[in-house]
Every structure is written in C-alpha cells, then in structure tokens.
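Start at 1 and go down the list; that is how both ligands and their atoms are numbered.
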Amino acid sequence: MHPDLEEITHDAETIARRVRELAAEIDRDYAGKEILLVGVLKGAFMLMADLARELSTPTDVDFMAVSSYGSSTQSSGVVRILKDLDRDISGRHVLLVEDILDSGLTLQYLVRNLGARKPASLAVITLLTKPDPLRPDVPLYEGFAVPDRFVVGYGLDYDQAYRGLPYIGVLKPEIYA
Ligand code: IMP
Ligand code: MG
C-alpha cells in the first residue's frame, strides 16, 4: 500500500468485479443502441478505460474537463468548462462517466448542461458515492458507496497525485491538513 494511505477501501480485483457487473447492467439497458461515453477528466479516465473494454454495446468516447472553484478537497458547485466535447451530442445516448459524487454539485451542473444539448438519452455512471449527495434526475449507475473521507487512487487525486494507483484508499489526513 502507498505510504500516504491509511487503508485500502477497494482493491483492484473488487473494482474490476464491480465494473464488470455495471457493464452487464448497462449492456442490458442499452440493448440495440450505441452509447457515447462522456468521461469527466481527469478523475474518470480509469473507469472510462475499464468500462469501455467491458461493455459489449458499441461505444464511442469523448471527454470534458471541468474545474469547480473551491478548496482542493471540497467543491463549490460553481463549475467552469475547461474542455468541451469535440462533437454535437444531439440524438445520441449519452452516458456520463464520473469518478465520485460528493456534494453532487458538479454532476448537477453537467447533467443540466448536457441535457440542454438534446441527447436521445442521458444517464450517469459514478464509481463512488459519498453519503447523501444531491442526485441527478437521470438514471444513475453507482459503483460503491464510500464514507465521508477523502479517497484517492483509480483516477482520483489529491493535488494531481495518486491517480495511477490501481486501488482506492483513504488518504492520511496529515497529507492534506
Ligand atoms: P462534488 O461537486 O462535491 O460532487 O465534487 C465532485 C468532484 O470533487 C469529484 O469529481 C472529484 O474531483 C472531487 N472529489 C470529491 N471527493 C473526493 C475524494 O474523496 N477524493 C478525490 N476527489 C474528490
Ligand atoms: Mg474530478
């Protein structure tokens, strides 16, 4: 385990198993359709790569980058688009891929923003959910519920570090205190 972590909450095998389950569920729900996976950079990149490989449904991928104003461990809900999608999504079945739902403010903004572009459908998959987030009013696939502690790994960062860890764990509070 990385020395900056307090504990591992989800090891690589546990994550892989859950991603396979979610992919099977999504395959059933989207039978006969094509999905546009929209990854929210950078945190979702690892889930995006694993999900795209597990899905049997034809997919195509695009990415957005957003920044939410606020401290490095808490978002404010004021979101700025740093990189928009390359293409129009009207008429597409869009599945927004997120790393974690914390307050849910970032996702609420993204769902409204993408919803206004007239996709054929819009749904969200998030790897992790903190307790009691604001939930979007579109279908939501959720990987794991996590306690209200700061977690890193499998795409999630603290100050751009730890994204490459193949597992998810709780960061020692003294690292960000
Ligand atoms: P929200 O708008 O409060 O839901 O925040 C969502 C964003 O905050 C995520 O996409 C992450 O970038 C970041 N975030 C929230 N909690 C954590 C965490 O525990 N670890 C790493 N990033 C987090
Ligand atoms: Mg993020």
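- Qualifying side-chain hydrogen bond (donor to acceptor under 3.5 Å, both in side chains) partners for D84, counting only residues two or more places apart in sequence or in other chains: R117.
- The heavy atom nearest to atom 23 (C) of ligand 1, considering only V151, I100, T106, is found in I100.
- Under the 4.0 Å criterion applied to side-chain N and carboxylate O atoms, E25 and R28 are not assigned as salt-bridge partners.
- Evaluated for a side-chain contact (heavy atoms from CB on, under 4.5 Å) with Y141, the options L127, V97, I125, V124 yield exactly one hit, I125.
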Inset, instruction - Check the pair V19 / Y154 against side-chain contact (heavy atoms from CB on, under 4.5 Å), numbers first and verdict last. - result: CA-CA 12 Å; V19 172; Y154 195 75; 3.9 Å; yes
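- Using 4.0 Å as the threshold, D157 has a heavy atom nearer than that to some atom of ligand 1.
- Checked by distance only, ligand 1 and G104 come closer than 3.5 Å through their nitrogen or oxygen atoms.
- Here L36 contributes atom CG and L85 contributes atom CG; the two are 7.0 Å apart, rounded to the nearest 0.5 Å.
- Of the candidates V66, D99, L156, it is D99 that places a heavy atom closest to atom 12 (O) of ligand 1.
- Relative orientation of the F150 and Y158 rings is perpendicular, given thresholds of 30° and 60° on the angle between their planes.
- The distance from ligand 1 to the heavy atoms of S103 drops below 4.0 Å at these ligand atoms: 1 (P), 2 (O), 3 (O), 4 (O).
- Looking at R149 against ligand 1, only its backbone comes within 4.0 Å, counting heavy atoms.
- Ligand 1 has at least one atom lying under 4.0 Å from a heavy atom of K130.
- In this structure, P133 has no heavy atom closer than 4.0 Å to ligand 1.
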